[in-house]
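A short worksheet on the structure shown next.
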Protein chains: 2
Amino acid sequence: MLQLSKKVEYGLIALRHMAMNPRGQVFAAKEIAVKFDISYELLAKVLQKLTKAGVVISTQGMHGGYSLAKKPNELRVSSIISVIEEERPTIAECYAEGGEDCSIFNACTIRKPLGKMQHNLNLLLENTTLEQIV
Amino acid sequence: MLQLSKKVEYGLIALRHMAMNPRGQVFAAKEIAVKFDISYELLAKVLQKLTKAGVVISTQGMHGGYSLAKKPNELRVSSIISVIEEERPTIAECYAEGGEDCSIFNACTIRKPLGKMQHNLNLLLENTTLEQIV
DNA sequence: GTAATATAAGACTGGAATAGTCGTATTTAT
DNA sequence: ATAAATACGACTATTCCAGTCTTATATTAC
């Protein structure tokens with residue numbers, strides 16, 4: 001209930017690890033996976049998404065790996081989640097994309113009132129940056 | 001991601017419906033289910049949990065049903081969720097009961113920093129009462 | 001130029017959680 | 001007695017998620 005997914009957790013762990021080391025340093029996915037006892041394949045996929053989104057820079061080939069593309073204070077948890085999950089974090093289906101498709105959309109009476117909670121959650125996630133997680 | 005379950009949604013819809021009508025009025029589960037186009041059986045189970053927890057009062061038999069046991073401003077979303085899910089809402093496994101069993105508990109580096117987010121989520125859910133959802 | 005070590009990307013699988021259903025017992029007003 | 005309601009547990013179906021596997025590509029070292 002309301003939990004972050006493992007993918008997001010792994011992403012945050014990896015990003016934090018990068019943020020704690022000198023800027024520009026490169027880390028292999030395997031290296032991070034071993035260090036934190038995490039599934040390498042899962043972490044790799046997460047890092048690939050973060051690469052596509054420009055959160056992280058990848059260098060292929062031997063001695064390759066990932067490094068932070070932005071300053072930790074520029075990275076919001078909200079956008080990290082959005083990138084990894086490929087959708088904004090929402091409290092209910094109706095606040096996600098295509099939310100009108102919710103089976104009870106029309107009869108639903110709590111959508112509007114819950115909007116406040118959604119808004120506050122947004123603020124919470126937007127105001128938390130990687131810097132604060134270091 | 002971070003979404004409330006259908007059970008919680010249905011519970012909130014039912015509670016809100018009661019809160020909008022005169023105190024003490026009794027509503028049958030079936031009646032509410034039809035009105036909001038919701039699974040009757042699911043809603044019934046939710047209302048039974050709310051009854052056990054003293055959130056709602058049930059009267060059995062013909063013309064029976066449920067009515068609010070407390071004032072809307074005394075009912076916090078956090079406790080409604082706890083009752084229906086039978087566990088506190090948490091952002092990650094490690095903040096739930098028995099969280100030390102998380103497979104990466106020891107290697108995890110984001111537990112402490114995420115604690116702030118968990119705390120803020122707690123505040124958000126505790127400060128939102130049924131009254132504000134009406 | 002070949003081997004070794006990385007990322008890239010997609011398909012596949014198993015298991016857990018969730019949503020929903022069904023059946024039966026019990027309670028109570030009429 | 002009957003009808004209408006809650007109580008409760010078992011069951012099923014489906015969806016989601018974590019994790020695995022496979023293959024391709026890029027880069028460096030030698």
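Keep in mind it's a predicted model, so treat the numbers as computed, not measured.
Summarising the geometry, the separation between CZ on Phe36(A) and P on dG19(D) is reported as 16 Å, rounded to the nearest angstrom. Rounded to whole Å, atom P of dC17(D) lies 12 Å from atom CE of Met1(A). Taking atom CD on Glu93(B) and atom P on dC17(D), their separation rounds to 16 Å, with Å as the unit. Between the P atom of dC16(D) and the NZ atom of Lys7(A) lies a distance of 12 Å, rounded to the nearest Å. When rounded to the nearest whole Å, the span between CG of Leu43(A) and P of dA9(C) equals 15 Å. Atom pair Leu2(A):CG and dC17(D):P shows a separation of 13 Å (rounding to whole Å applied). Glu86(B) places its CD atom 14 Å from the P atom of dA17(C), with the value rounded to the nearest Å. Here the P atom of nucleotide dT18(C) and the CD atom of Glu9(B) are 13 Å apart, to the nearest Å.
Lys49(A) contributes a side-chain N or O that, together with a main-chain N or O of Ile84(A), makes up a donor-acceptor pair within less than 3.5 Å. Side chain of Glu93(A) to main chain of Glu100(A): no donor-acceptor pair is present (N/O by atom type, distance under 3.5 Å, no hydrogens or angles).
Under the 6.0 Å distance and 45° angle rule, Arg111(B) counts as a cation-pi partner of Phe105(B).
With dA19(C), dC21(D), dT5(C) as the candidates, the nucleotide lying closest to the side chain of Met62(A) is dT5(C). Of the listed nucleotides (dG19(D), dG20(C), dA8(C)), dG19(D) has the atom at the smallest distance from the side chain of Leu42(A). Proximity note for Ala29(B) (side chain, C-beta onward) versus dT6(D), dG20(C), dA8(C): the nearest is dT6(D). The Gln60(B) side chain lies nearest to dA7(D) when the options are dG20(C), dA7(D), dC8(D). When distances are taken from the side chain of Glu41(B) to each of dA7(D), dG19(D), dT21(C), the shortest belongs to dT21(C). Residue Ser39(A) has its side chain nearest to dT20(D) when only dA8(C), dT20(D), dT6(D) are considered. Checking dT21(C), dG19(D), dA8(C) against every side-chain atom of Lys45(B), the shortest atom distance belongs to dT21(C).
Here Tyr10(A) reaches the OP1 or OP2 of dG19(D): one of its side-chain N or O atoms lies under 4.0 Å away.
Lys30(A) contributes no side-chain N or O that forms a donor-acceptor pair with the base of dT7(C) under 3.5 Å.
Comparing Ser103(B) and Thr59(A) along DNA chain D, the residue whose closest nucleotide (by nearest heavy atom) sits nearer the 5' end is Ser103(B). DNA chain C is contacted by both Leu4(B) and Gly65(A); Gly65(A) maps to the nucleotide lying nearer its 5′ end (nearest heavy atom per residue).
Across all strands shown, Lys52(B) has heavy atoms under 4.0 Å from sugar-phosphate atoms exclusively, and none from any base. Among the heavy atoms of the strands lying under 4.0 Å from Tyr40(B) is at least one base atom, whether or not backbone atoms are also near.
Between Glu131(B) and Lys71(B) no salt bridge is recorded (no basic side-chain N to carboxylate O distance below 4.0 Å).
Atom CD1 of Ile81(A) is separated from atom CG of Leu125(A) by 5.0 Å, given to the nearest 0.5 angstrom. From Gln25(B), atom CD reaches atom CE of Met18(B) across 10.5 Å, with rounding to the nearest 0.5 Å.
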